[in-house]
A.B. asks: 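One structure coming up, written as structure tokens, with questions to follow.
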Amino acid sequence: MIDSSHASHQIVADLLAERTGQQLTESRRWRVSSALAGVFREYGISNVDQLVCLLDEPRRRSSDRDLATEVVEALLNNETYFFRDKPTFDQLPAEILPLLAERRAETKRLTIWSAGCSTGQEVHSLAMLLAEQKDRWAGWSIDILGTDVSHKAIRAARSGLYSQFEIQRGLGVAQMLRHFEETPAGWQILEEVRRTTRFQQHNILTEPPLRQPVDLILCRNVLLYFDVETRRRAFARLSGALAPDGFLMLGAGETVVGQTDAFVPADKRASLYQRALPARPAKLLHAG
């Protein structure tokens with residue numbers, strides 16, 4: 001006989017997979033109860049079995065405040081910080097952005113997509129980089145789009161407001177004072193930095209959120225939570241969104257090797273990839 005708690009955990013895992021594509025593996029299930037503690041308190045329950053019973057009840061739903069959405073939001077990992085994984089991130093101002101500036105010199109348009117942007121630190125890190133290279137990007141049209149499956153994370157990203165703990169993670173004092181203003185509510189990113197950024201809720205497994213080809217996609221530590229087939233679908237979406245000469249940056253623990261034929265490593269650059277060139281048709285041999 002199947003243990004009811006195990007069955008309930010599986011229902012929650014299936015809900016997460018259905019809504020986001022993420023797999024709640026056995027190694028992650030230990031944190032379910034702690035992750036859902038806030039939901040338990042709000043609904044006056046104490047365990048996953050009771051939660052599943054509530055999920056089965058007809059409920060009044062809104063766009064992002066129904067119980068199922070609250071459960072999914074609580075289970076998502078929104079861990080992030082400014083200039084995360086700095087050795088990898090430093091390749092952007094040192095190599096990739098200058099290269100893209102050369103390639104887009106005629107159009108003076110640069111489009112960047114941060115997929116799985118969480119609460120916005122990655123997007124704002126990019127905006128700060130570009131703001132610090134003001135002369136290079138003068139006269140350019142720059143669009144930095146951050147997307148995440150979490151409504152809650154996107155609301156936080158749009159606010160551009162960070163706590164003392166969040167602002168100190170990855171930022172030096174000079175950067176804090178240059179790009180943020182301290183307010184009674186927290187540290188607010190300056191409007192001159194924010195003007196190149198925007199955010200929207202989006203699932204990476206659906207149609208890309210941008211109509212034009214993207215020059216640079218950052219999708220870091222998102223694919224870790226997908227199974228092989230879901231990861232292949234995500235790579236197909238990313239490939240379809242990326243410009244032929246654009247770049248994809250993954251997290252330090254992620255790779256395309258053995259995962260997809262849509263991308264190849266970009267020379268010896270860490271965690272950077274380019275779209276694979278289409279295979280050339282074989283030449284036909286003709287008899288003398």
A.B. asks: Among side-chain atoms of Asp227 and Thr230, is any donor-acceptor pair under 3.5 angstrom?
C.D. replies: yes
A.B. asks: Strictly distance-based, threshold 3.5 Å: is any side-chain N or O of Arg231 a donor or acceptor partner for the main-chain N or O of Leu223?
C.D. replies: yes
A.B. asks: Compute whether any side-chain donor of one residue and acceptor of the other, for Gln50 and Ser46, lie under 3.5 angstrom apart.
C.D. replies: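 A pair is found: one side chain offers a donor N or O, the other an acceptor, under 3.5 Å apart.
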A.B. asks: Would the distance check show the side chain of Arg104 and the main-chain N or O of Leu110 forming a donor-acceptor pair, the cut-off being under 3.5 Å?
C.D. replies: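 A pair under 3.5 Å: no.
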A.B. asks: Go through Asp66 and Arg19 one step at a time and tell me if the salt bridge (charged side-chain N to carboxylate O under 4.0 Å, His left out) criterion holds.
C.D. replies: CA-CA 13 Å; Asp66 63 277; Arg19 293 286 188 96; 3.7 Å; yes
A.B. asks: Supply the atom-to-atom distance Ile144 CD1 to Thr197 OG1, rounded to the nearest 0.5 angstrom.
C.D. replies: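 It comes to 7.0 Å.
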A.B. asks: How long is the span from the CG atom in Leu205 to the CG atom in Leu238, to the nearest 0.5 Å?
C.D. replies: 9.5 Å
A.B. asks: Would Val48 and Phe40 count as a side chain to side chain contact (heavy atoms under 4.5 Å, CB included) here? Give the steps.
C.D. replies: CA-CA 9 Å; Val48 177; Phe40 291 169; 4.1 Å; yes
A.B. asks: Closest heavy-atom contact between Ile142 and Trp137?
C.D. replies: CD1-CB, 3.9 Å
A.B. asks: How close do Ser118 and Asp148 get, counting heavy atoms only, and between which atoms?
C.D. replies: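 Distance-wise, the nearest heavy atoms are N-OD2, 2.9 Å.
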A.B. asks: Cut-off 3.5 Å, side chains only: do Gln188 and Thr183 have a donor facing an acceptor?
C.D. replies: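 No - no donor-acceptor pair under 3.5 Å links their side chains.
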A.B. asks: Show, in sequence, the C-alpha distance, side-chain angles and deciding distance for Arg220 and Glu254, and conclude whether the salt bridge (charged side-chain N to carboxylate O under 4.0 Å, His left out) test is met.
C.D. replies: CA-CA 8 Å; Arg220 302 197 296 163; Glu254 298 170 309; over 6 Å; no
A.B. asks: Examine distances only and state if a side-chain atom of Glu102 and a backbone atom of Leu99 form a donor-acceptor pair shorter than 3.5 Å.
C.D. replies: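 No; judged by distance alone, with no hydrogens or angles, the pair does not exist.
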A.B. asks: Quick check: Phe235 with Tyr273 (ring centres under 6.0 Å apart)?
C.D. replies: no
A.B. asks: Apply the side chain to side chain donor-acceptor pair (under 3.5 Å) test between Trp187 and each candidate in His179, Gln164, Gln168; give the one that qualifies.
C.D. replies: Gln164
A.B. asks: I need the minimum non-hydrogen distance between Val214 and Leu242, along with the two atoms involved.
C.D. replies: O-CD1, 3.2 Å
A.B. asks: As an exercise, state the distance from CG of Asp49 to CG of Leu54, rounded to the nearest 0.5 Å.
C.D. replies: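 One finds 11.5 Å between CG of Asp49 and CG of Leu54.
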A.B. asks: Closest approach of Leu250 and Cys219, non-hydrogen atoms and distance?
C.D. replies: CD2-O, 3.4 Å
A.B. asks: Will you find, in the side chains of Arg84 and Ser125, an N or O donor that is under 3.5 Å from an N or O acceptor?
C.D. replies: no
A.B. asks: Within the supplied structure, the quantity of interest is the number of heavy atoms (other residues, nucleotides, ligands) at a distance under 6.0 Å from Asp261 CG; does it exceed 12?
C.D. replies: no
A.B. asks: So does Asp143 pair up with Arg211, basic N to acidic O under 4.0 Å?
C.D. replies: no
A.B. asks: So which atom in Phe226 and which in Gln23 form the shortest heavy-atom distance, rounded to 0.1 Å?
C.D. replies: C-CG, 4.2 Å
A.B. asks: Gln175 side chain to Gly172 main-chain N or O, any donor-acceptor pair under 3.5 Å?
C.D. replies: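 Indeed, once roles are kept as given, a pair shorter than 3.5 Å links the two residues.
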A.B. asks: Would you compute the distance between atom CD of Gln201 and atom OG1 of Thr147 and round it to the nearest 0.5 angstrom?
C.D. replies: 8.5 Å
A.B. asks: How far apart are the closest heavy atoms of Ala156 and Thr119, and which atoms are they?
C.D. replies: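 Distance-wise, the nearest heavy atoms are CB-CG2, 3.8 Å.
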A.B. asks: Take Arg169 and Glu166, measure what salt bridge (charged side-chain N to carboxylate O under 4.0 Å, His left out) needs, and give me the verdict at the end.
C.D. replies: CA-CA 5 Å; Arg169 298 189 70 196; Glu166 291 171 319; over 6 Å; no
A.B. asks: Can you check whether His124 and Phe199 have ring centres sitting under 6.0 Å from each other?
C.D. replies: yes
A.B. asks: First locate atom CD1 of Ile217, then atom CH2 of Trp113, and finally report the distance between them rounded to the nearest 0.5 Å.
C.D. replies: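 Output value for this atom pair is 5.5 Å.
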A.B. asks: As an exercise, state the distance from CG of Asp90 to CD1 of Ile96, rounded to the nearest 0.5 Å.
C.D. replies: 12.0 Å
A.B. asks: Would you say the side-chain atoms of Glu70 and Tyr43 include a donor-acceptor pair closer than 3.5 Å?
C.D. replies: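 Glu70 vs Tyr43: donor-acceptor pair found between side chains.
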A.B. asks: Look at atom CZ of Arg178 and say whether more than 12 heavy atoms of other residues, nucleotides or ligands are closer to it than 6.0 Å.
C.D. replies: yes
A.B. asks: For Val256, does its backbone N or O pair with a side-chain atom of Thr260 as donor and acceptor, under 3.5 Å?
C.D. replies: no
